[in-house]
Amino acid sequence: MEIPYDLLINALVAGLLLGAFYAAVTVGISISFGILDIVNIAHPGFIILGSYIAYIVNTRLGVDPILVSIVMLPVFYMFGAIVYQVYYHSFEKRGEDPLRGLAFFFGLLFVTEVALVIVFGVDYRYVQAPYIGPSLKFGMVDLPLRMLVPAVVALVLFLALQLFLTRTFMGRAIMGVAQDQLALRLVAASPTRIKRSAFAISMATAAVAGALLIIIQPVEPSVGREYIGRVFAICVLGGLGSIPGTLVGAMMLGVIESFTSTFYGPSWAPAVAFGVLLLVLAFRPAGLFGR
Amino acid sequence: MRSSTFVLICTAIAAAVFALARWYGNEYAFFAGYVVLQFIVLATAWNILGGYTGYVNFGSAAFFAVGAYTSIFFHKFYPLPIPVLIVLGGVLSGLIGLGMGYLTLRLRGAFFAIGTLALAVVLQTLVTNWTYVGGARGAYVLRPNEMEFIGPYIQYLFLLMLALTVFALSVARGIERSQLGYGFATIRDDELAAEASGVPTLRLKLIATTISGGLMGMAGAPFPYYLGYVQPSSAFGLEYAVNAIAMPMIGGTTSWVGPLIGAILLATIQQWATVTISSELGVLIVGVLLVGFVVLAPKGIVGLVGGWRRGRSG
Amino acid sequence: MALLEVSGLGKRFGGFVALDGIDFAVAAGERVGLIGPNGSGKSTLVNCICGTLANDSGTVHFDGAPIGGFKAHQRTRLGLARSFQLPRPFMSLTVAGNLRVPMVYTVNARGGRHLSAADIDARCAELLQLVGLAPKADRFPRDLTQVEMRKLELARAMAAEPKLLIADEAMAGLSQAEVSEIVALLIDLNKRGITIILIEHIMRAVMSFSERLVVLVSGKKIADGRPDVVIQDPEVERAYLGQ
């Protein structure tokens, strides 16, 4: 089969843009699951919540969805801190088996989704913004702004988090909490407080990811489920706890998915992420770049 | 109580339930009762892996759907009686459980949970793209109106599910009291210590996923005949996955009684909510109860009752 | 012939070399102490010998046969039992129930002799008597004190009827009297024919227990011999003073 060159290039570019967006979706999980070892499978549900908040404010007041999400950051941060507090007191502190922690987040995911269905129904919702619609064109390459803007915002968010985690005291403490709780106590930092902040930050990213999501595609409450596979596939692909690995994993998955839907049809796309996840778990559980 | 006695008592209760439903004579009772029984089987199956060994399966819907789609496949390919389909669906989903376990059970528990979630989506995508079994549009199953000796077909299906319930409960209770159940408990408590005590943990976990997955597939096999029409989104519905977890968690995970209580309670609430308000509200209640119980009453209803009885006597 | 023979054992975690070509042997019936500063690789060594971790290089022979490809439970069944540094009891089983696990899954799985339910009950009672936990047989591990937890840990390892017992820091955090109690218990077990490797920080316990002392520092064996000689070794002294 002769593959048209321009189709190939466009699929690649679309995949990279998608990948950058996936990185924003996944970075929250990278922090909670990869660094804190909290399997927050409800994260995609909170992302959808972020989408709906952007949707409400956008349709009522006409505010730009990305701006809405930035205003919502502290609210999601607080919400994350509360969720962590409940998680900590109910499971981590009691040393309860991880079974219940998983069930807790699964329940949260489900409750978020069903609550959104009850309030908004199952219709697809979308936002209005000047960059939804137009495209930049470079030769044969199409750059829809609807994808480009989220990709740029995602990369900015990603870079900011990476700088925070490697350059600030708090960030380093968060990276350290995974390795050595005792060492942290020695420098008089409370692991619980650090983990709470880290979890709250991971939750805050959901506000931005949600706004980006509803810019890229119309959203209905169960869309979050598709992202569960993606975020964990990316996380595992890039190696648990590695923030740069997350970006690479996200780009790879974006490109693989883009090629799959270009050449085989979009109905196969959902299985790609999970297929990748199963393969990685089976053969390279430490991730592609792991030891 | 010996296992044979337990099976006899269960069968007697099941016969009484069936007689009562016939005496009541309302078709709706059979339709609603079938759903409750189906959830008892699903919850019991989930608990054999989740409750006894501590490994969370988020993909119950996948195993259930494998059973359902085995029936659809044979309905088109070479029609077989439902009891045979139940066995076939059970074997197939049991094998998928085994394969799934083999892929992910050597890793940390969380990976198994995420893997099961992945499995559900992969299988759903396969079925959606497989036109022989109806693809995304779904498939119709023509079922007879009457069954010899029994009467209306729904009564036959109800009876089959009743038998499956007795079977599932007996298996669960049998495991609990056997050396196998003892080994499962050590895995749930501390896998490293279990290995050091000579427990072949991987093998036991594979046994648990196989039995658990198999029972879920068995519960799904009659489903197309119950509904008459199956599409991927109904057979792979998230509500199966959520209920399969919520029912044991709310009832209590350490014995066969918990999933039974949880399933009867939650399935009844959902049936009631579906009829009176909306099915969304029904599943919302399940989700809220699940979160509430894991936070506030980690041992479930069985634990609450046990604590209350100890409190009174002590 | 040696009961346990470790040669050229190596293990790395990423760039960190945890074990660097360890050679040592333990003869049947010996009481060996294994010491070394924190992070010297003692626990990694135990985990590699017992099959909890896979070693990267080198071999482990037990009872004359290589056991490299064996999983932890298979090694336990061969007669290589361990206790954990932090006690890891089965929380949902009673104290007696904890001891029953290795009897059912190790002793009965070995083939040959089969313990009946009555035999198992008798063995449980006997072992609990031996470690002084008989009155707590039907209690759950959460009701036990630290020292009782350590005893349960040892009793559970013993219930597997091992040829070699590896006791990983069985006494950390115990009082002097409790330490003496555990040392006496271990010596008693040794007299019953069980070879024991004791990993310990508490020098008093190691010195009174060991017939031979092996010292690990930064993943390497730096001394191996009579305790009174080893302890005078300048390299050993430096390792401990440098800590």
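Here is the naming used below: chain letters follow the sequence lines, and residue numbers restart at 1 for every chain.
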Q: List the atom of B:E280, the atom of A:V114, and the distance in Å for their closest heavy-atom pair.
A: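 Looking at all heavy atoms of both residues, the closest pair is O-CG1, 3.4 Å.
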
For B:A110 and A:V39, the nearest pair of non-hydrogen atoms, with its separation, is CB-CG2, 3.5 Å

Just wondering, do B:Y55 and A:L102 contact through their side chains at under 4.5 Å, heavy atoms? no

Do A:I228 and B:F58 have side chains that approach each other closer than 4.5 Å (heavy atoms only, starting at C-beta)?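 Result no, sub-4.5 Å side-chain heavy-atom pair not found.
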
Based on non-hydrogen pairs under 4.5 Å, which of [options] is most in contact with chain A?
| options | value |
| --- | --- |
| B:L119, B:V56, B:V286 | B:V56 |
| B:I245, B:L103, B:V121, B:L281 | B:V121 |
| B:V242, B:L296, B:D189 | B:V242 |

Under 4.5 Å from any heavy atom of chain B, what part of A:E113 do you find: side chain, backbone, both or neither?
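Side chain only.
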
Turns out that what part of A:F33 lies under 4.5 Å from chain B's heavy atoms comes down to side chain

side-chain contact (heavy atoms from CB on, under 4.5 Å) test vs B:F111 passes for just one of A:L277, A:V280, A:L240, namely A:L240

Okay, B:T253 and chain A: the region with an atom under 4.5 Å from a heavy atom over there is side chain

task: Let me know if B:L284 has heavy atoms under 4.5 Å from chain A in its side chain, its backbone, both or neither.
output: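 Answer is both: backbone and side chain atoms of B:L284 are under 4.5 Å from chain A.
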
Inset, instruction - Report, as yes or no, whether the 6.0 Å neighbourhood of atom OH on A:Y264 holds more than 12 heavy atoms from other residues, nucleotides or ligands. - result: no

request  = Just give me the residue among A:L108, A:V111, A:V117, A:L279 that pairs up with chain B most often, heavy atom to heavy atom, under 4.5 Å.
outcome  =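 Highest number of pairs under 4.5 Å: A:V111.
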
With rounding to the nearest 0.5 Å, note down the distance linking CZ in A:F232 to CG in B:L117.
->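 So the gap between those two atoms works out to 8.0 Å.
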
Rounded to the nearest 0.5 Å, the CZ atom of A:R100 sits from the CG atom of B:L290 at a distance of 10.5 Å

Among residues 122-137 of chain B, residues within the sub-4.5 Å heavy-atom range of chain A, in order of number, are B:V122, B:T125, B:L126, B:N129

Residue set satisfying side-chain contact (heavy atoms from CB on, under 4.5 Å) with A:A14, at least two apart, ordered chain then number -> A:S258

- Yes or no on side-chain contact (heavy atoms from CB on, under 4.5 Å) for B:V291 and A:F110, after CA distance, side-chain angles and deciding distance? CA-CA 10 Å; B:V291 173; A:F110 190 68; over 6 Å; no

